[in-house]
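By convention in this document, chain letters (A, B, ...) are assigned in the order of the sequence lines, proteins followed by strands, and residues within each chain are numbered from 1. This structure is a prediction, so every number in the text was calculated from the model and none was measured. Below, all heavy atoms of this structure are taken into account, side chains as well, without hydrogens, waters or symmetry copies.
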2 protein chains.
Amino acid sequence: MNIRDIAKKVGVSSATVSRVINQSGYVKDETKQKVLAAIEEADFVPNAIARSLSTRDSSSIGVIVPDIANEFFSSVISGMGEIAVNNQYNIVLFDTGEMQEREHQYLQMAEGQRLSGLIITPVSELDMVTRDKLIQFENKGIPVVLVDRNIKNSNLDGVFVENAAAAYKGVEALIHAGHRKIAIITGPSTSMPGKDRLKGYKAALMDYRIELKEEYIVSGDFKIIKAYERTKELLQLPDPPTAIFASNNQTSLGVLKYLTEQKLKMGRDISMVGFDQIESLKIIDYRLSTIERDAKKQGYEAMAMLIDKLSHKESKSSGRKIFVPYQVVLRGSELIK
Amino acid sequence: MNIRDIAKKVGVSSATVSRVINQSGYVKDETKQKVLAAIEEADFVPNAIARSLSTRDSSSIGVIVPDIANEFFSSVISGMGEIAVNNQYNIVLFDTGEMQEREHQYLQMAEGQRLSGLIITPVSELDMVTRDKLIQFENKGIPVVLVDRNIKNSNLDGVFVENAAAAYKGVEALIHAGHRKIAIITGPSTSMPGKDRLKGYKAALMDYRIELKEEYIVSGDFKIIKAYERTKELLQLPDPPTAIFASNNQTSLGVLKYLTEQKLKMGRDISMVGFDQIESLKIIDYRLSTIERDAKKQGYEAMAMLIDKLSHKESKSSGRKIFVPYQVVLRGSELIK
DNA sequence: TATGCATATGTAACCGGTTACATAAAGGAG
DNA sequence: CTCCTTTATGTAACCGGTTACATATGCATA
């Protein structure tokens with residue numbers, strides 16, 4: 001069943017049926033009604049793939065994230081979904097699991113799919129393959145929007161948070177609480193948030209004339225397991241830190257996992273501040289101080305930005321950056337008892 | 001740039017180029033190498049949409065869930081993604097937000113997209129529109145797999161958990177702990193898990209000769225807000241329950257939200273058991289007893305089942321049901337102190 | 001040497017829409 | 001009454017692949 005079949009039933013041409021379906025061009029009202037009736041009767045749904053081929057527009061937006069199971073990203077996606085559906089776009093979802101090869105693989109697939117646009121939180125800000133591919137996309141007319149992580153030397157548009165400033169304030173809170181031995185479990189040094197949050201940490205310590213200690217700066221990967229191990233190492237140092245700054249929500253959970261297993265109490269044995277809230281902990285009023293932001297809104301913003309580019313047919317980025325607001329919410333875990 | 005352009009460059013026909021790309025039919029190795037070189041040089045990626053139109057197969061699988069921000073579903077999706085990518089399928093994601101109209105809207109879109117298959121957690125088990133649409137899909141050769149929620153009178157294949165039995169055990173734990181005044185905050189009565197978990201609750205009380213009290217059975221919607229309100233109402237009853245059974249993870253969070261705000265302590269002021277774990281609470285060893293299962297695995301199973309149907313070209317369901325294992329993990333919140 | 005099969009490649013129709021262009025009728029202006 | 005514009009509809013090419021069918025060659029077998 002296709003538009004030609006419908007056309008035959010009604011006794012018009014396929015062009016007329018197409019016009020009715022798309023409400024384009026001139027169609028006599030009487031004809032229109034007959035066509036609509038035939039479509040209704042045949043329970044006909046036009047083939048979006050054929051339409052895409054013809055119009056060179058898939059009405060699908062690719063969304064590439066590093067970890068859907070991370071509540072930050074699932075909230076972001078949830079926000080994006082609402083805007084997308086209101087604008088008749090589908091979301092084609094890819095989860096890289098922070099793996100570069102998989103990111104490349106997805107970008108390859110995305111290219112074949114002739115997606116209308118792409119929203120991506122890249123694994124690394126230094127990955128040339130990804131960068132070149134994204135720039136290529138924009139050159140081909142497929143706009144790109146970055147979420148949360150930038151790409152070096154690219155001036156791609158994106159929606160971010162002021163990582164360095166936010167981390168600075170988080171660390172500052174620890175300093176104000178009296179800490180001098182403050183450690184950080186970083187994110188990957190290849191990702192912008194990883195790097196910038198570390199930058200904020202260092203800036204805070206320097207501003208307060210606290211010496212940077214190499215062994216207090218340990219590298220994580222934004223995942224629970226490694227953060228858990230790093231915490232263990234930190235607390236087993238001859239001169240362990242009295243406070244830890246965790247670079248994202250998964251990192252916070254890794255720290256908490258170790259503390260919990262060792263029956264160490266936050267605020268007594270160790271203090272901490274984390275980046276990104278953890279909703280269920282907020283609900284039970286678990287006193288973890290975190291830097292918070294509206295993830296869902298970040299999703300809205302990103303999708304809205306992409307659709308804006310799409311509707312203005314401006315595929316090229318111009319280094320536009322939206323920064324969503326953040327808040328340092330102190331709940332006591334930064335204190336020393 | 002298309003296969004005809006490549007063909008021209010090499011001096012062969014488009015059919016040969018197509019054969020090289022798809023590794024189908026006979027192609028002399030020498031020719032093959034020349035074609036591959038031309039593809040490489042032109043940085044050519046074949047148009048998947050044209051391919052889809054021609055083969056009537058989009059290599060995309062629609063996934064419709066009621067709430068991605070719920071960690072159960074984000075884990076399920078994460079599991080599905082891994083299997084999908086290994087089998088060269090894309091995931092087209094739709095989040096209904098538990099809204100029927102939106103579900104219908106998505107199913108309509110899905111139909112136009114000519115998806116290869118569909119995995120859905122329907123909002124309601126009674127929705128005729130959804131049911132008919134899904135059956136229609138299978139009749140058209142698009143296999144369907146249900147996740148977590150069944151559809152009445154449909155014999156669609158799916159991956160579920162033994163809701164009634166699991167809920168029974170959860171409630172039984174409360175009874176063993178000495179409770180007699182046990183309330184339940186249900187899920188929607190129109191969803192299978194909602195209904196069956198209530199069934200399990202009732203069965204447990206009956207088996208232990210505990211009278212069912214109307215006012216202890218309050219209806220929720222699997223969301224935090226309503227569960228919060230229901231908890232408030234329950235605890236303000238003249239004769240309040242001493243324990244609550246929460247029908248899903250969001251419901252548990254709603255209960256906890258109220259308890260926390262009122263500074264009520266679990267195990268002292270009220271006891272509870274919830275359905276579905278909450279990972280971050282487990283990490284901090286928050287002593288909430290829950291019925292647990294491997295959500296990611298449920299995602300694997302569902303996607304594997306769909307791909308199995310796809311590869312056997314059997315679009316029709318045969319009422320095949322996989323049940324993932326569950327565990328009642330008691331951590332103390334079921335006790336009375 | 002004739003026959004048959006495997007190998008290799010090309011031709012062209014087809015998938016199901018969209019749309020530029022052609023054609024024609026109707027209505028309004030001069 | 002002629003000319004122009006607006007309305008209405010059809011024809012056919014096009015989007016970029018796939019693939020049935022036709023054709024041709026090489027080589028083995030009888």
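Residue pairs that meet the salt bridge (Lys or Arg N to Asp or Glu O under 4.0 Å) test with at least one member in residues 20-31 of chain B, sequence neighbours left out, do not exist here. Annotation: salt bridge (Lys or Arg N to Asp or Glu O under 4.0 Å) contacts involving residues 138-149 of chain B, sequence neighbours excluded, comprise B:Glu98-B:Arg149, B:Glu111-B:Lys140, B:Glu138-B:Lys309, B:Asp148-B:Arg293. Applying the salt bridge (Lys or Arg N to Asp or Glu O under 4.0 Å) test to pairs two or more places apart or on separate chains, those with a residue in residues 70-91 of chain A are A:Glu82-A:Lys296.
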Next item on the list: Give the C-alpha distance, both sets of side-chain angles, the deciding distance and a yes or no for side-chain contact (heavy atoms from CB on, under 4.5 Å) between A:Tyr106 and B:Val85.
Entry: CA-CA 9 Å; A:Tyr106 285 146; B:Val85 65; 3.6 Å; yes
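With contacts defined as side-chain heavy-atom distances shorter than 4.5 Å, the pair B:Tyr89/B:Met303 does not qualify.
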So which protein N/O to nucleotides 22-25 of chain D N/O distances come out below 3.5 Å?
none

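To the nearest angstrom, P of C:dG16 lies 15 Å from CD of B:Gln113. In this structure, B:Asp57 atom CG and D:dG17 atom C1' are separated by 13 Å, rounded to whole Å. Atom pair B:Leu53:CG and C:dC15:C1' shows a separation of 4 Å (rounding to whole Å applied). Atom P of nucleotide D:dC15 and atom CG of A:Asn47 are separated by 18 Å, given to the nearest angstrom. Rounded to an integer number of Å, the gap from A:Lys8 NZ to D:dT11 C1' is 15 Å. Separating the CD1 atom of A:Ile49 from the C1' atom of C:dC15 is a distance of 10 Å, rounded to the nearest angstrom. The CD1-P distance, from B:Ile3 to C:dT11, rounds to 13 Å in whole Å. Nucleotide C:dG16 holds its C1' atom 6 Å from the CZ atom of A:Arg4, rounded to whole Å.
Donor-acceptor pairing under 3.5 Å is lacking for the side chains of A:Asn155 and A:Ser317.
Considering only side-chain N and O atoms, A:Asn2 lies under 4.0 angstrom from the phosphate OP1 or OP2 of C:dG16. A:Ser54 has no side-chain polar atom (N or O) that falls below the 4.0 Å cut-off from OP1 or OP2 of C:dT18. At C:dT18, one or more side-chain N or O atoms of A:Ser18 fall inside 4.0 Å of OP1 or OP2 (strictly under the cut-off). OP1 or OP2 of C:dT18 has at least one side-chain nitrogen or oxygen of A:Arg51 nearer than 4.0 Å. In this structure, A:Ser14 does not reach the C:dT18 phosphate: none of its side-chain N or O atoms is under 4.0 Å from OP1 or OP2.
Counting any heavy atom pair closer than 4.0 Å across all strands shown, A:Gly11 reaches sugar-phosphate atoms only and no base atom.
In terms of position along DNA chain D, the nucleotide closest to B:Ala50 lies nearer the 5' end than the nucleotide closest to the other residue of the pair B:Ala50 and B:Ala15.
The nucleotide whose nearest atom lies closest to any side-chain atom of B:Arg56 is, among D:dG10, C:dC15, D:dG16, C:dC15.
With hydrogens and angles disregarded, a donor-acceptor distance shorter than 3.5 Å links the side chain of A:Ser58 to the backbone of A:Arg114.
The distance from the CD1 atom of B:Ile61 to the CG atom of B:Leu306 is 4.5 Å, given to the nearest 0.5 Å.
Near DNA chain D, meaning a heavy atom under 4.0 Å from it, residues 20-46 of chain B has B:Asn22, B:Phe44, B:Pro46 in order of number.
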What donor-acceptor contacts under 3.5 angstrom involve side-chain atoms of residues 8-15 of chain B, with partners at least two apart or in another chain?
| from | atom 1 | to | atom 2 | distance (Å) |
| --- | --- | --- | --- | --- |
| B:Lys9 | NZ | B:Glu41 | OE2 | 3.4 |
| B:Ser13 | OG | B:Ala15 | N | 3.4 |
| B:Ser13 | OG | B:Thr16 | N | 3.4 |

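A side-chain hydrogen bond (donor to acceptor under 3.5 Å, both in side chains) with A:Gln108 is found for one member of A:Gln113, A:Lys133, A:Glu103 and no other, namely A:Lys133.
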